[in-house]
Amino acid sequence: MEFDIPSIIQGYAQGYFLMANVGDESVGWYSSRKRALIPLDDRFRYPSSLNRVLNQERFTVAINRDFKAVVEGCSDRETTWISPELKEIYWELHCQGWAHSFETWQGDTLAGGILGIAIGGAFIGESMFYRIPEGSKVAMVKLVERLRDRQFVFFDAQMSNPHLDRFGAYTISDREYQGLLQKALQRSCSLV
């Protein structure tokens with residue numbers, strides 16, 4: 001199946017995101033009046049119990065080591081908006097250098113990961129999962145560190161939830177988001 005990747009990137013660059021409808025799996029563009037961001041400044045926080053896990057260095061971090069497995073992990077739930085077509089779109093975006101998987105590993109076992117799209121200085125998180133407890137939380141901390149180091153403008157989590165709130169996630173209006181997005185598109189940042 002052929003996908004118009006430049007048009008897809010243009011959609012994300014305008015503040016839209018792709019999702020499949022749960023009922024019929026058709027992929028469509030969505031936007032939100034409020035966007036959840038993971039802070040890249042000192043507002044970022046995490047449960048103190050995670051400090052112990054980080055200090056034990058039980059996990060190693062990798063980028064794009066097993067992109068397809070991360071997409072599968074993110075879609076492996078009772079109700080998913082990541083349809084087979086969307087998996088193909090993510091793969092094509094990955095092959096062209098836009099979509100990335102930020103992963104935690106325990107030995108040769110994929111512990112967890114975050115799927116996202118990097119455009120300029122914007123990292124748009126699509127989904128996350130874990131197979132080993134704390135795997136996705138460690139991925140979140142290490143990804144924020146990397147985005148800071150690489151001078152990214154923001155980490156878009158799209159929609160807030162109690163899990164993300166524990167990391168200091170906050171919401172902004174679409175108007176504020178568009179301003180940040182324009183700033184981010186002026187930057188040339190690289191996750192890898």
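Keep in mind that the numbers below use all heavy atoms, side chains included, and drop hydrogens, waters and symmetry copies.
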Check your understanding: Do E92 and I8 come close enough that some side-chain heavy atom pair is under 4.5 Å?
Key -> no
Point to revise | Distance-only donor-acceptor check, side chains Q178 and Q14, under 3.5 Å | key: no
Check your understanding: Where the side chain of N161 meets the backbone of L164, is there a donor-acceptor pair that is under 3.5 Å apart?
Key -> yes
Review point. Using the ring of each side chain (for Trp, its six-membered ring), is F44 parallel, tilted or perpendicular to F167, with breaks at 30° and 60°?
Key: parallel
Exercise for review: Find out if a path of hydrophobic residues (ILVMFWY) with successive side-chain heavy-atom gaps under 4.5 Å connects W91 to I89.
Suggested key: yes
Practice item. Would you tell me whether Y170 and D165 have side-chain atoms, one donor and one acceptor, within less than 3.5 Å of each other? Key: no
Practice item. Start with the C-alpha gap between L143 and F123, add the side-chain angles, then the distance that decides, and say whether side chain to side chain contact (heavy atoms under 4.5 Å, CB included) holds. Key: CA-CA 10 Å; L143 176 56; F123 183 82; 3.6 Å; yes
**Study point:** Shared hydrophobic cluster for F155 and F17 (ILVMFWY, side-chain gaps under 4.5 Å)
**Key:** no
Check your understanding: With a 4.5 Å heavy-atom cut-off, do H163 and M128 have their side chains touching?
Key -> yes
Point to revise | Test item: T104 side-chain N/O and G135 main-chain N/O as donor-acceptor pair under 3.5 Å | key: yes
Check your understanding: How close do S160 and T171 get, heavy atom to heavy atom, and via which atoms?
Key -> CB-CG2, 4.3 Å
**Study point:** Check ion pair E176-R35 (N to O, under 4.0 angstrom)
**Key:** no
Exercise for review: Of all the heavy-atom pairs spanning V144 and P39, show the shortest one and how long it is.
Suggested key: CG1-O, 4.0 Å
Check your understanding: Do P6 and D4 have side chains that get closer than 4.5 Å, going by heavy atoms?
Key -> yes
Check your understanding: Do you see a donor-acceptor pair shorter than 3.5 Å between the side chains of Y12 and D156?
Key -> no
Exercise for review: Begin from the C-alpha positions of E72 and K87 and carry the test salt bridge (Lys or Arg N to Asp or Glu O under 4.0 Å) through to its verdict.
Suggested key: CA-CA 8 Å; E72 285 302 323; K87 288 178 189 178; 3.1 Å; yes
Review point. Under 3.5 Å, is there a donor-acceptor pair linking the side chains of S101 and E103?
Key: yes
Check your understanding: Nearest heavy-atom pair of S31 and G15: which atoms, and what distance?
Key -> CB-O, 4.3 Å
Check your understanding: Is L50 reachable from F102 through a run of hydrophobic residues whose side-chain heavy atoms are each under 4.5 Å from the next?
Key -> yes
Review point. Is W29 reachable from I5 through a run of hydrophobic residues whose side-chain heavy atoms are each under 4.5 Å from the next?
Key: yes
Practice item. Determine whether the aromatic ring centres of Y90 and F67 lie less than 6.0 Å apart. Key: no
Exercise for review: Dump the intermediate steps for side chain to side chain contact (heavy atoms under 4.5 Å, CB included) on K137 and R166, then the final yes or no.
Suggested key: CA-CA 10 Å; K137 292 176 189 167; R166 292 171 58 189; 3.8 Å; yes
Point to revise | Stepwise side chain to side chain contact (heavy atoms under 4.5 Å, CB included) test for I38 and M140 | key: CA-CA 9 Å; I38 302 295; M140 176 74 82; 4.2 Å; yes
Revision key, fill the gap. Shortest non-hydrogen pair, N64 vs A99, comes out as OD1-O, 4.3 Å
Point to revise | Rounded distance (nearest 0.5 Å) linking atom CD1 of I132 with atom CZ of F59 | key: 6.0 Å
Point to revise | Chi angles and distances behind the side chain to side chain contact (heavy atoms under 4.5 Å, CB included) call for W105, D66 | key: CA-CA 10 Å; W105 291 79; D66 196 343; 3.9 Å; yes
Review point. Given side chains that start at C-beta, do those of N21 and V27 come closer than 4.5 Å, heavy atoms only?
Key: no
Check your understanding: By side-chain contact (heavy atoms from CB on, under 4.5 Å), which residues pair with Y130, not counting sequence neighbours?
Key -> S136
Exercise for review: Indicate whether the side chain of Q10 and that of S7 have a donor and an acceptor atom separated by less than 3.5 Å.
Suggested key: no
Check your understanding: side-chain contact (heavy atoms from CB on, under 4.5 Å) with R131: which residues, sequence neighbours excluded?
Key -> L110, F129
All N/O donor-acceptor pairs, side-chain side in residues 183-192, below 3.5 Å, sequence neighbours left out:
| from | atom 1 | to | atom 2 | distance (Å) |
| --- | --- | --- | --- | --- |
| Q186 | NE2 | Q182 | O | 3.4 |
| R187 | NH1 | Q151 | O | 2.6 |
| S190 | OG | V192 | N | 3.4 |
| S190 | OG | V192 | O | 2.9 |

Review point. Which distance, rounded to the nearest 0.5 Å, do you find between the OH of Y46 and the CD of E134?
Key: 12.0 Å
**Study point:** K34 backbone acceptor or donor facing S32 side chain under 3.5 Å
**Key:** yes
Practice item. Kindly say whether C74 contributes a backbone atom to a donor-acceptor pair with the side chain of R77 at under 3.5 angstrom? Key: yes
**Study point:** CD on E126 to CD1 on I82, rounded to 0.5 Å
**Key:** 7.5 Å
Exercise for review: Evaluate the salt bridge (Lys or Arg N to Asp or Glu O under 4.0 Å) criterion for residues R148 and E145: first the C-alpha distance (whole Å), next the side-chain angles of each, then the deciding distance (0.1 Å), finally the verdict.
Suggested key: CA-CA 5 Å; R148 284 174 177 161; E145 289 174 2; over 6 Å; no
Exercise for review: Check the surroundings of atom CD in E57: do more than 12 heavy atoms from other residues, nucleotides or ligands lie under 6.0 Å from it?
Suggested key: no
Check your understanding: Given the rule that I, L, V, M, F, W and Y join up when any side-chain heavy atoms are under 4.5 Å apart, are I9 and F152 in one cluster?
Key -> no
Review point. Atom CG of L86 and atom CG of L93: how far apart are they, to the nearest 0.5 Å?
Key: 9.0 Å
Exercise for review: Could you grab the distance from atom CG of N55 to atom CZ of R52, nearest 0.5 Å is fine?
Suggested key: 9.5 Å
